[in-house]
Amino acid sequence: MTSFAQKVYGIVRRIPKGRVMTYARVARLAGRPRASRAVGNVLHRNPRSFFVRGLAPSERVPCHRVVKSDGRPGGFAPGTGKKIALLKKEGVLFRNGRIAGKFS
DNA sequence: CTAATGACCATTA
DNA sequence: ATAATGGCCATTA
């Protein structure tokens, strides 16, 4: 586990249910303002997603709450459809394939 | 060491 | 509004 990955997971872990954060924002909070793409790389191999069974809620990393800057959901290892389903279940609203409302 | 790989971003047309 | 483009950067092969 690299220190960058630890920072990323530590940040993503505290995104509350029903809210989303962009990859770029995670990168800034991690102290690497231009590493948004690398954030995606880390989350791509997230070992503690919501699809891993047998984990306490506090020990999961809700990487499905990290989305693109343009409001589209972005990638998800189990499939983008799953990501959208999870977000909708948490109350996140979509308007023609984009997240409704503002975020940063 | 170098090169390739992305769950991306901002700008431009 | 969309699409293409160049850049970005931590990881991995």
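As a basis for the values below, the full set of heavy atoms in this structure was taken, side chains included, without hydrogen atoms, waters or symmetry mates. Every chain is numbered from 1, with letters handed out A, B, ... down the list of sequences.
- In this structure, A:T2 does not reach the C:dA10 phosphate: none of its side-chain N or O atoms is under 4.0 Å from OP1 or OP2.
- When distances run from any side-chain atom of A:K83 to the nucleotides C:dC9, B:dC8, B:dA7, the shortest one goes to B:dA7.
- Closest to the A:A38 side chain, of the nucleotides C:dC9, C:dA1, B:dA10, is C:dC9.
- Under the Watson-Crick or G-U wobble criterion, with both distances below 3.5 Å, B:dT2 is paired with C:dA13.
- When the P atom of C:dG7 is taken as reference, atom CZ of A:R37 falls 13 Å away, rounded to whole Å.
- No option in A:N46, A:V42, A:I15 other than A:N46 meets the side chain to side chain contact (heavy atoms under 4.5 Å, CB included) test with A:V61.
- The CZ-P distance, from A:R34 to B:dG6, rounds to 24 Å in whole Å.
- For A:K83 (side chain) and A:G75 (main-chain N/O), a donor-acceptor pair under 3.5 Å exists by modelled atom type.
- Listed here is the closest heavy atom pair of A:I11 and A:M21: CG2-SD, 4.2 Å.
- The pair A:R65-A:E90 meets the salt-bridge criterion, since a charged nitrogen lies less than 4.0 angstrom from a carboxylate oxygen.
- One atom, CZ of A:R72, and another, P of C:dT2, lie 9 Å apart when rounded to the nearest Å.
- Atom NE2 of A:H44 is separated from atom C1' of B:dC8 by 14 Å (rounded to the nearest Å).
- Rounded to an integer number of Å, the gap from A:R32 CZ to C:dG7 P is 21 Å.
- When distances run from any side-chain atom of A:R45 to the nucleotides B:dA7, C:dT11, B:dC9, the shortest one goes to C:dT11.
- Base contact: A:F76 has a heavy atom under 4.0 Å from a base atom.
- Checking A:H64 against A:R28, the closest nucleotide of DNA chain B that is more toward the 5' end is the one next to A:H64.
- Computed from coordinates, the A:L43 CG to C:dC9 C1' distance equals 14 Å when rounded to whole Å.
- Separating the OH atom of A:Y23 from the P atom of C:dC9 is a distance of 18 Å, rounded to the nearest angstrom.
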### Task
Let me see the working for A:F76 and A:F51 under side-chain contact (heavy atoms from CB on, under 4.5 Å), right down to the final yes or no.
CA-CA 11 Å; A:F76 195 56; A:F51 274 67; 3.8 Å; yes
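- Within 4.0 Å of A:A5, counting heavy atoms only, lie sugar-phosphate atoms of the nucleic acid but no base atom.
- Of the candidate nucleotides C:dA1, B:dA7, B:dC9, C:dA1 has the atom nearest to the side chain of A:R98.
- When rounded to the nearest whole Å, the span between CZ of A:F4 and P of C:dC9 equals 11 Å.
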